[in-house]
Structure formats: structure tokens, C-alpha cells
Participant: 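The structure that follows is given in the form of C-alpha cells.
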Amino acid sequence: MQAHQRMLDPTPNGLHSGESPLLQTLGLTKRYGDFLANDSIDIDIWPKQIHALLGENGAGKSTLVKAIYGLIQPSAGEIRWQGQPIMLSGPSEARSRGIGMVFQHFSLFDNLTVAENVALGLDGKESFKDMSARLEQVSKTYGLPLDPKREVWQLSVGERQRIEIVRALMQDPKFLILDEPTAVLTPQEADQLFIVLERLKAEGRAILYISHKLEEVKRLCDTATILRGGKKVDTCNPRLETAASLARMMVGGEIKEVKAAAGRKTTVPRLVVNDLSLAPGEAHGVRLEHISFELKGGEILGIAGVAGNGQDELFAALSGERLSKDPGTVVIEGIAAGHLSITQRRKLGAAFVPEERLGHGTAPRMKLSENALLTGHAASGMVHHGFIDTAATLKTVDRATETFDVRKAKRDPEAASLSGGNLQKFIVGREILRNPAVLVVSQPTWGVDAGAAAVIRQALLDLATAGAAVLVTSQDLDELAEIADRIAVMFHGHLSAPLATADATREKLGLLMGGSSLEPKEAAHAVGA
Amino acid sequence: MQLVLEKRAERSNTIALVSPLIAIGLTIVTMTILFAILGKNPLLALHAYFIAPLTDSYSLQEIAVKATPLVMIAIGLSLCYLANAWNIGAEGQFLIGAVAGSWIAVKTQGTDAGPWVLPAMLVLAAAGGALYALIPAICKVKFGASEILTSLMLVYVADLFLDYLVRGPWRDPHGFNFPTTAEFDPVATVPLLIEGGRLHLGSIIALLVVAAAAILLGRTIKGFEIRVVGAAPRAARFGGFNSNQLVILTFAVSGALAGIAGIIEVAGPVGHLQPGISPGYGFTAIIVAFLGRLNPLGILIAGLFLALTFIGGEQAQIAMKIPLDVTKVFQGILLFYVLACDSLILYRFKLVLPNRQVARGTH
Ligand SMILES: Nc1ncnc2c1ncn2[C@@H]1O[C@H](COP(=O)(O)OP(=O)(O)OP(=O)(O)O)[C@@H](O)[C@H]1O
Ligand SMILES: [Mg+2]
């Protein structure tokens with residue numbers, strides 16, 4: 001059985017150092033009630049390899065790595081570390097054996113410094129000074145520049161991730177797990193990360209790499225294990241595959257192309273923003289500066305930009321989570337709404353999808369039906385005379401599940417139990433099913449697999465075709481190019497004038513994202529410099 | 001070797017259900033040791049506390065009578081706590097409710113005022129308790145003052161105010177200078193359910209409050225709002241729920257319930273206004289709320305259990321000369337264990353062995 005496994009493992013050049021894999025799972029199974037999140041998975045991790053773990057949303061990737069890292073206990077099966085069966089009672093034990101993990105969602109304290117955050121995450125008892133010195137040394141060795149004295153709130157997403165990686169490296173892991181590390185990075189930040197990963201590999205460490213971005217998997221990874229519906233369906237060498245063939249293995253079929261309906265017509269202005277300026281609500285926020293744009297029905301406007309340039313603040317001002325004194329700054333469906341609450345804006349026909357799914361878009365510990373009620377209570381017939389119509393909330397869950405193929409263990413689970421991508425599909429579905437006249441959505445496909453991303457983008461296009469105005473904030477320029485009619489760029493709280501998507505070349509957008517303007521004079525200056 | 005608390009990956013629903021039982025078990029173990037130290041036979045003491053009161057009808061009725069204010073106050077507190085508003089001053093709201101309701105009783109004393117008196121007393125008590133609870137709520141919302149401190153401090157103000165009234169303006173002229181009002185007229189008294197017994201109408205009201213709270217939390221949008229504001233504040237704001245309004249509302253409701261409990265106690269079992277009408281109901285109700293998992297039905301059960309400790313404490317004092325204050329010790333230990341056990345829902349104990357630590361350092 002084991003020999004057979006070995007044979008199937010298409011490791012390039014048969015380059016295995018040592019006799020046995022560094023880590024091996026045998027028949028690893030995780031059950032949630034009747035639901036099998038991991039169904040008897042065998043996987044071999046060898047040193048000096050970057051091993052990709054691929055699969056659709058809900059395929060069981062995170063569940064598998066959590067079991068390997070000791071965060072959850074497998075229901076059955078075995079984990080072998082350097083040939084020896086082990087039982088991990090928790091992450092600290094995994095760390096002490098040499099297994100490190102970088103989560104997609106960072107666990108950092110904003111108001112503490114880099115060094116303090118690292119100290120909190122280490123198990124050891126060394127002095128703070130020694131630890132800081134080691135931190136600097138590790139970050140220098142690996143070309144992951146970090147200033148130990150900076151507070152986390154001042155750092156970009158990429159820098160924050162660097163803290164997590166350095167923290168993991170300080171434990172000198174033999175095996176490092178990264179769960180969707182590039183989902184939130186800009187392309188440049190991702191490139192830097194790849195250099196580090198190549199280097200770790202050269203040092204003889206093993207890496208398990210989860211990603212939905214198949215092109216980068218092809219570029220980076222030596223082996224790929226593909227999960228579908230909790231089962232391992234294939235192992236392959238991604239370099240010999242195409243992105244499309246990998247996607248086919250994941251889905252077990254073809255992925256639909258996103259198609260814009262021909263002859264989409266723009267109608268009346270549905271969302272107008274007039275000279276919106278807003279002081280930041282939080283200590284570390286960005287001030288919005290004189291933002292103006294007009295969005296007509298049938299139109300999709302994309303907002304590009306590096307995260308942390310005021311996108312969150314703009315979302316809050318548009319949704320009504322933050323009010324502006326002048327009602328005329330935000331006009332929804334012809335009605336001045338700057339002073340209206342989020343509920344009143346929803347009643348005007350607006351819907352919102354925030355970037356953060358757990359804790360903002362949903363209450364993690366509440367059921368999906370209750371989370372449907374969260375945004376549906378104002379205008380979706382879910383409440384009669386103050387009483388909740390449970391049947392209506394469940395119906396929304398069922399419709400979203402069906403339309404957007406939300407995979408979950410039971411009919412109405414807690415939001416937190418859904419896989420990241422499936423929760424995103426539910427949230428988008430919940431809002432689109434309300435047939436909004438205006439939809440404001442942030443990062444619609446973060447962490448969503450290729451198939452589901454296509455479904456979500458198609459839904460946004462269909463919504464626009466049906467006459468809604470759609471505002472999409474995204475860091476993914478390909479995504480904006482695919483669905484937006486016009487693209488504007490956010491920088492330091494300013495919003496550039498929108499460019500027609502056909503004119504919005506990567507170069508132009510790149511300039512705007514870096515804070516340059518496209519005025520001819522300035523552009524000439526930029527070239528001259 | 002080191003014992004550490006480690007966060008569980010998944011919330012343990014089993015522990016969530018059995019944690020109150022574990023807490024009660026640990027409390028009983030601790031009390032056994034305490035009784036032994038006091039030189040009392042632990043088995044007899046535990047029997048006096050938990051078994052003896054269940055064996056005669058008088059004690060059973062008395063348990064229901066004591067549980068009535070506990071349950072009513074705890075229901076109100078649970079609404080606050082679910083919404084992340086920390087009302088610690090129910091004792092003060094209880095006393096102010098008692099005073100506000102008694103005002104009518106005192107003013108109509110000896111007149112031929114009709115059956116409207118008792119309902120009017122209940123309404124006034126509710127209003128008094130609610131208004132008194134609004135002071136910390138408004139201070140929190142408007143000025144950011146800690147409601148924990150302000151609501152607690154107002155307990156002592158209420159206590160002294162009641163003291164002043166019964167020693168001054170409202171003192172019974174024929175009362176031999178005791179600090180008490182005259183006995184309330186029959187129209188100002190809560191009727192008994194069983195002639196010659198102890199059980200009174202207040203217990204029915206408490207049951208209605210439990211039912212209403214269950215419906216509120218389980219079926220209505222307001223109840224959902226309360227739960228979501230406490231469980232996920234940012235998501236609640238995204239849902240359009242205003243947590244400040246909810247602080248005001250839950251404080252007002254819990255103040256009103258405490259106030260009603262106060263007047264029922266005064267116009268029922270006590271019969272007149274005097275200092276010491278509460279053996280700390282407002283504080284014990286905090287334990288009831290948490291022991292009952294902030295769930296209406298749970299609170300009903302927890303209320304009966306804590307009432308049992310009050311009655312049991314009295315019996316143990318009579319039968320075994322165990323000081324009455326041991327009951328308070330018992331209740332305090334119980335709250336401690338309830339909160340401690342609750343952390344096991346999200347965390348677990350873990351033994352870290354030193355030899356597991358590997359040498360670190362980059363090479
Ligand atoms: N605590 C839980 N209770 C019940 N079901 C769960 C729980 N955790 C995960 N699941 C289910 O297990 C399945 C696998 O989830 P997992 O998070 O491993 O997916 P994933 O492959 O990481 O997906 P994604 O790409 O969306 O992150 C999902 O269908 C999810 O609903
Ligand atoms: Mg995942």
C-alpha cells in the first residue's frame with residue numbers, strides 16, 4: 001500500500017532526502033456530525049519541496065492543515081512525523097516538533113509593536129531583548145525587512161504577514177504550512193514572498209502551500225495534492241499541468257466563462273457621491289478627501305488601489321455605518337442619504353458586502369438564518385409586527401445555497417463553521433437575492449475558488465444587466481478588468497477620475513496606485529525621472 | 001511542568017451545557033471542606049442545605065417566594081448582559097422600585113382607595129426602577145462612564161434614601177420609633193395564592209416574565225438585536241442596530257423588572273417598607289443570571305436553586321448553628337466556579353512538559 005503511494009508521488013527527479021517522508025497522513029478523517037470534511041486522506045510531505053494543496057471552497061484544505069497543526073483532533077487516521085506515528089494535543093506541541101503555520105487571518109494586536117506581537121506568539125522563555133535580536137537576525141537573513149519597534153497598525157497587509165512568517169521561522173520549523181498566503185497580497189508582495197519560499201525550500205524545509213491562484217501554484221510548487229469533497233482525488237506535478245487542467249481536477253468538470261450580456265444599457269444615476277470628505281472614525285484611519293463619482297443603473301464601477309488607502313472608510317460612508325453631516329454627499333436612488341442609517345439606505349434599495357466576512361459581514365457564532373436576518377430585517381419581509389418569520393429566513397438560506405452552490409455540513413449551521421469561500425458565496429448571495437438597486441461590494445472573491453469566483457462575478461454582471469448600479473472594490477486588477485465598465489483608483493483617501501476599462505492599462509493603474517497623476521505634464525516628468 | 005489554558009479550535013457545546021453542573025459540583029466539594037473546617041459534619045450540613053427544605057410544604061412555598069424576586073431581576077439582568085451592558089446595580093433599582101411603589105401605599109393608607117392601588121403601585125415601581133437604571137445607562141452613552149461602577153455606586157445611594165424615608169417622613173407614628181412604615185392596607189397588598197400559605201401572586205408574575213423573555217429572545221427582532229449586539233458588535237452595526245439605544249433599553253427594562261420585584265417583596269411577604277427588605281436579591285440575581293446561562297428557562301431553574309440555598313442556610317443555622325453568612329460564601333463560590341467553568345467552553349487545560357521543548361535558534 002505504501003509502496004504504491006510512493007509510486008504515485010510524482011516528485012521531480014525522485015529527489016527525496018531520507019528514507020521516509022517528513023510528514024505523512026494515513027487515512028486522515030475529520031467528521032462533523034454526519035459530514036465528512038476530510039475523508040481518509042493520505043498525503044506525503046517531503047523535505048525540500050513546495051507541496052500545493054488545491055481544492056474548491058469547502059474541499060477540506062483548511063481542515064486538513066488544522067489537523068496536521070494540532071488545532072483540531074482527527075476523527076480517524078494517523079499522522080506520522082519522520083516515520084513515527086504522533087498524536088498532537090495542540091499547536092504548541094506541533095510547533096515544538098518543528099511544524100509551523102501561517103494563517104490566512106492574522107492574529108496580531110494592532111496597538112502592540114512588531115516585537116511584542118512576536119513575543120506573544122512564541123512558547124519560549126527567552127528574554128525580550130534576546131528575542132528582539134533574534135527577530136532582527138531572522139528577518140535580515142530571509143530578506144523580510146521588519147522594524148521591531150513599529151506598531152502593527154502602521155503596517156500594510158504584506159508587512160503584517162511578514163510578522164507571521166518571521167514568527168513561524170523563529171521556531172526554526174522543518175515544515176511550514178501557509179493557508180492562502182497570497183489572497184490578500186498585491187502582486188509585488190506576492191513575488192517577494194515567493195523568493196522567501198524558494199529559499200526555505202533550498203534550506204531543506206518542506207512547505208505546504210494552499211492557494212486558489214493556479215498560475216502561482218504552477219510557478220512555485222513541485223507537487224500538488226488535489227482535494228474534492230473531502231477526498232484526495234489526485235496528485236500531480238503542477239508544472240506539467242495548465243491552470244485549466246488543474247481547475248478541472250479540482251471541480252471534476254469545466255469552469256464556466258464569465259460572460260457579460262451584450263447590450264447592457266446604462267440608465268438613471270442610482271448612486272451619486274458629491275464631494276465627500278470625512279475625518280477618520282478610528283485613530284488609525286484614513287481621511288476621505290473630496291470624493292465624487294456618479295454610478296448609473298446597468299453600470300459596474302471598479303475601485304482599485306492598495307489596501308489601506310481609504311477603501312474601508314469609503315465603504316463605511318457609503319453603507320451608512322458612518323454618517324456624514326451633509327445629506328447631499330451620498331445620493332441613493334435620487335434621495336440625499338448622507339445622514340441616513342444603514343437600515344434606511346437598505347430600504348432605499350441599497351445592499352452592501354463588506355470585505356471582512358467573519359465579525360463584520362456575519363456574526364460568526366450565529367446561524368446562517370440569523371445572519372440572513374442581520375441584513376434582511378429591514379426590507380425583506382422577514383419580520384412581521386416585530387416577530388421573526390423563521391421560515392422566511394430559512395428560505396433565504398436555501399435560495400442562497402442553491403443559487404450560489406454554498407457547501408455546508410447541514411441546512412443551517414453557524415456562520416463560522418463554513419469554509420471561507422463558502423461563507424463569501426453565502427454573503428454575496430444573501431445581498432443579491434434582495435434584488436438591490438445599488439450594490440456596494442468589497443473584495444467579492446477573496447479566498448474564493450476559481451469556479452465560485454466565476455459564479456460571483458457572473459452574478460454581479462447579471463445584476464448590472466438587470467439594471468442595478470454596482471460598485472466593486474478589489475485588489476485584483478484582472479477581476480476588475482473582467483467585470484467593470486470603468487475603473488477608478490483610490491490613493492491616500494483620494495479617488496481618481498474613473499478610466500474606461502479599455503483605457504485602464506496596468507501601467508496607468510499602477511501609476512495611479514502609486515500616487516502619481518495621469519496629467520500629461522506629470523506623466524512626462526515621471527518618464528524623465 | 002506547566003499548566004496552560006489553550007484556546008479550543010471549536011467551541012465545546014457539551015461544556016456549555018454541563019458547565020453549570022460542574023460548577024455546582026465543585027461548589028459542593030468546596031463547601032464540604034469548609035464545613036469540615038468549621039467543625040460541622042459536612043453530610044448533615046449538606047442535608048440541611050439541599051435536602052431538608054425540599055421535604056415540607058412550608059419550605060417549598062418559601063423557596064418559590066424567594067425565587068420570585070431572584071428570577072424577575074435575573075431575567076432583566078440577562079437582557080443587559082446579552083447586550084454587553086453590565087448592570088450591577090439591580091439591588092438599588094429593586095430598592096427604588098420598592099420606595100416608588102410604597103409611596104402610593106403610604107399616601108392612601110387609611111383612606112377608602114379602591115382596588116386600583118396595587119396596579120398603580122406596580123406601575124410606579126416599574127417606572128422608578130427604570131428611571132433609576134437609566135442614570136448609569138445615560139452616563140455610559142453620553143459620557144462613556146463605566147456602567148459597572150456607576151450602577152454599583154447607586155445601590156448605596158438607594159439604600160440610604162430608603163433608610164432616610166422610613167426613619168423620617170414615612171415612619172409609622174404608632175410604630176414605637178421603629179424605622180418602618182405602617183402595615184400596608186389590604187388593597188395595597190399582593191394577594192396570596194393559597195389562603196394561610198406563603199405563595200403569592202408575584203410568583204405568577206415572575207413566570208409570565210420568564211415566558212415573555214423567552215418569546216422576546218427567541219422570536220422577536222428586538223431579542224435578535226439584543227443577542228447580536230452582544231455577540232458581534234461590528235456585525236450588529238452592519239445590521240443597522242444601534243448599541244447605545246440598546247444599552248438604554250436593556251437597562252430600563254431590567255430596572256423596571258427589579259423595581260417590580262421590589263414592590264412585590266414589600267407589598268407581599270414583608271407587608272411594609274423597612275430597611276433590610278432585601279437579603280441581597282439584586283446581587284444574588286447576578287449569580288442566577290449566569291448560572292442560568294442567560295437563558296430564561298435556565299434562569300427559572302437557577303433562581304429556584306439559589307432560593308433553596310437561602311432557605312437551606314436558615315435551616316442550617318437553626319439546626320446546626322452554621323452562621324447565615326455561610327450562605328453568602330456559598331453563593332460567591334458558586335459564581336466564581338460558574339465563570340471559571342465557562343472559560344472551559346472556549347479554552348481547555350493543557351499540561352506542557354518541559355522535555356517537549358526543543359532547542360531553538362536559527363542556524
Ligand atoms: N466546525 C465545523 N463544524 C461543521 N462543519 C465544518 C466545521 N469546520 C468546517 N466544516 C465544514 O467542512 C468543510 C471543509 O471546510 P474547510 O474550511 O476545510 O474548507 P477549505 O477547503 O479550506 O475551503 P476554502 O477554500 O473556502 O477555505 C466545509 O464544508 C465546512 O462547512
Ligand atoms: Mg480554507
Side-chain angles (χ1 to χ4, degrees), chain A residues 32 66 70-73 89-93 95-98 122-126 134 137-138 141-142 169-172 203 319-321 341-346 352 354 356 358-366 370-371 373-378 382-383 385-388 390 414-417, chain B residues 2-14 16 82-84 212 214-245 249 345-363:
Chain A
Y32 289 112
K66 281 185 201 157
L71 259 174
I72 55 177
Q73 302 299 325
S89 63
S92 51
E93 192 178 337
R95 282 195 293 269
S96 75
R97 286 182 186 272
L122 293 180
D123 303 319
K125 290 202 186 74
E126 68 192 317
R134 217 152 58 79
Q137 186 208 329
V138 171
T141 315
Y142 288 97
L169 289 181
M170 284 176 69
Q171 318 244 7
D172 191 20
E203 287 176 346
S319 67
E321 285 170 296
S341 71
I342 187 166
T343 301
Q344 288 164 311
R345 293 183 200 199
R346 286 197 177 109
F352 311 96
E356 207 173 309
L358 285 173
H360 191 182
T362 61
R365 292 290 171 207
M366 292 191 150
E370 294 174 301
N371 277 301
L373 184 65
L374 185 70
T375 61
H377 63 90
M382 293 178 181
V383 179
H385 310 290
F387 282 85
I388 299 165
T390 315
E414 277 183 2
S417 82
Chain B
Q2 199 183 2
L3 197 62
V4 295
L5 264 188
E6 187 173 80
K7 201 164 167 74
R8 286 177 195 268
E10 299 148 67
R11 180 190 144 87
S12 166
N13 288 323
T14 330
L82 282 171
N84 256 342
I215 292 172
L216 174 79
L217 288 173
R219 299 244 176 278
T220 71
I221 185 73
K222 219 16 154 207
F224 175 70
E225 191 176 331
I226 290 173
R227 288 187 291 128
V228 78
V229 161
R234 186 136 179 255
R237 190 146 36 97
F238 179 65
F241 303 131
N242 180 328
S243 64
N244 280 347
Q245 273 175 18
L249 180 83
I345 297 171
L346 291 176
Y347 296 85
R348 63 171 165 227
F349 281 113
K350 192 169 167 286
L351 219 51
V352 181
L353 303 172
N355 58 1
R356 284 278 166 73
Q357 305 226 334
V358 273
R360 303 210 182 78
T362 48
H363 26 215

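Bear in mind that the values here come from a model prediction, so they are computed numbers and not experimental data.
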Participant: Report yes or no: does A:Asp172 contribute a side-chain atom to a donor-acceptor pair with the main-chain N or O of A:Gly98 at less than 3.5 Å?
Facilitator: no
Participant: Can you tell which part of A:Arg346 gets under 4.5 Å to a heavy atom of chain B, answering side chain, backbone, both or neither?
Facilitator: side chain
Participant: Is a side-chain donor or acceptor of A:His377 paired with a backbone partner of B:Gly239 at a separation under 3.5 angstrom?
Facilitator: yes
Participant: Any side-chain to backbone donor/acceptor pair from A:Arg134 onto A:Met170? Under 3.5 Å, distance only.
Facilitator: yes
Participant: Heavy-atom cut-off 4.5 Å, strictly under: side chain, backbone, both or neither for A:Thr362 against chain B?
Facilitator: backbone
Participant: Check the side chains of A:Gln344 and A:Ser341 for a donor-acceptor pair under 3.5 angstrom, ignoring hydrogens and angles.
Facilitator: yes
Participant: Report which part of B:Ile215 has an atom under 4.5 Å of a heavy atom belonging to chain A: side chain, backbone, both, or neither.
Facilitator: side chain
Participant: Quick check on A:Glu356 against chain B: is it the side chain, the backbone, both or neither that has a heavy atom closer than 4.5 Å?
Facilitator: side chain
Participant: For each of A:Gly361, A:Pro364, A:Ser417, A:Gly359, tally heavy-atom pairs with chain B at distances under 4.5 Å, and name the one with the top tally.
Facilitator: A:Gly359
Participant: Determine whether A:Val383 and A:Leu373 satisfy the following criterion, side chain to side chain contact (heavy atoms under 4.5 Å, CB included), listing intermediate values before the conclusion.
Facilitator: CA-CA 9 Å; A:Val383 179; A:Leu373 184 65; 4.0 Å; yes
Participant: In terms of heavy-atom pairs under 4.5 Å, which option from A:Glu321, A:Arg345, A:His385 contacts chain B the most?
Facilitator: A:Glu321
